[in-house]
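What you see is a predicted model; the values in this text were computed from it and never measured.
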Amino acid sequence: MKKWFIYSVLIIIIFGGLIWFLWGGKTKDMAKNGQSVRVDLPPREPAVAGAFYPGLKEELEAEIEQYLSQAEPARTQGQVFGLIVPHAGYAYSGSTAAYGFKLLEGREVDTVILLGNSHQEFFEGVAVWTGGAFKTPLGEVEIDYDLA
């Protein structure tokens, strides 16, 4: 598995960017003859790069590599069907999350579902970001619109 993918997923999972309900309010499914029509949006900008994790690609790669190199791979039997890692700044949860991501080394990952809380607004229920992609300091991660 490519390191950039693991790094990007780690960033997004830890910071729960999936649940931005009121971020511009521009993600829409327009109903047309009973069918859902996708409205493409520009990639979502990173909201906390440089605050809870480094905002520069080189610094971020080095920090993530440090966490991953210090995590001892766990022994598992069978397949890994799901993985839950903590949601907090890297200083607080990076090493714990790295232990989880070590379980994925050498394995194919088909789908990543990110769950997180809104850091901006309170609302009841859930929200799903269906926009085109998340930007990270390591590159863009495309959203699976159909699954979302």
Exercise. Under 4.5 Å between any side-chain heavy atoms of Y90 and F52, yes or no?
Worked result: no
Exercise. Taking atom CZ of F134 and atom CD1 of I143, what is their separation to the nearest 0.5 Å?
Worked result: 4.5 Å
Exercise. Is there a side-chain contact between T76 and R107 (heavy atoms, below 4.5 Å)?
Worked result: yes
Seminar exercise, completed: dist E45:CD -> K135:NZ (nearest 0.5 Å) comes out at 4.0 Å
Problem set entry | Distance-minimising heavy-atom pair for A88 and S93 | O-OG, 3.1 Å
Problem set entry | Exercise: identify the closest heavy-atom pair between D144 and L147 | OD1-N, 3.1 Å
Exercise. Do the side chains of L104 and L83 get nearer than 4.5 Å, heavy atoms only?
Worked result: yes
Exercise. Quick one: salt bridge (charged side-chain N to carboxylate O under 4.0 Å, His left out) pairs with a partner in residues 93-103, sequence neighbours left out?
Worked result: K102-E105
Problem set entry | P73 and Y99, any side-chain heavy atoms less than 4.5 Å apart | no
Problem set entry | Gap separating the CG atom of L138 from the CD atom of E58, nearest 0.5 angstrom | 9.5 Å
Exercise. Under a 4.5 Å cut-off applied to non-hydrogen side-chain atoms, are Q70 and Q66 in contact?
Worked result: yes
For this session: Drop me the distance from E59's CD to I64's CD1, to the nearest 0.5 angstrom.
Result: 12.0 Å
For this session: Before giving the answer on side-chain contact (heavy atoms from CB on, under 4.5 Å), spell out for T96 and V85 the whole-Å C-alpha distance, their side-chain angles and the decisive distance to 0.1 Å.
Result: CA-CA 7 Å; T96 302; V85 296; over 6 Å; no
Seminar exercise, completed: What one should report as the nearest heavy-atom pair of P137 and A49 is CG-CB, 4.0 Å
For this session: Measure from the side-chain N and O atoms of S95 to the backbone N and O of Y67, and report whether any donor-acceptor pair falls under 3.5 Å.
Result: no
For this session: Check for a donor-acceptor pair, side chain of T136 on one end and backbone N or O of G139 on the other, with a separation under 3.5 Å.
Result: yes
Problem set entry | Cluster check V48, Y92: I/L/V/M/F/W/Y, side chain < 4.5 angstrom | no
For this session: Kindly work out whether a path of hydrophobic side-chain contacts (I/L/V/M/F/W/Y, heavy atoms less than 4.5 Å apart) joins V109 to L103.
Result: yes
Problem set entry | Residue pair F81 / Q79: nearest heavy atoms and the distance that separates them | CZ-OE1, 3.3 Å
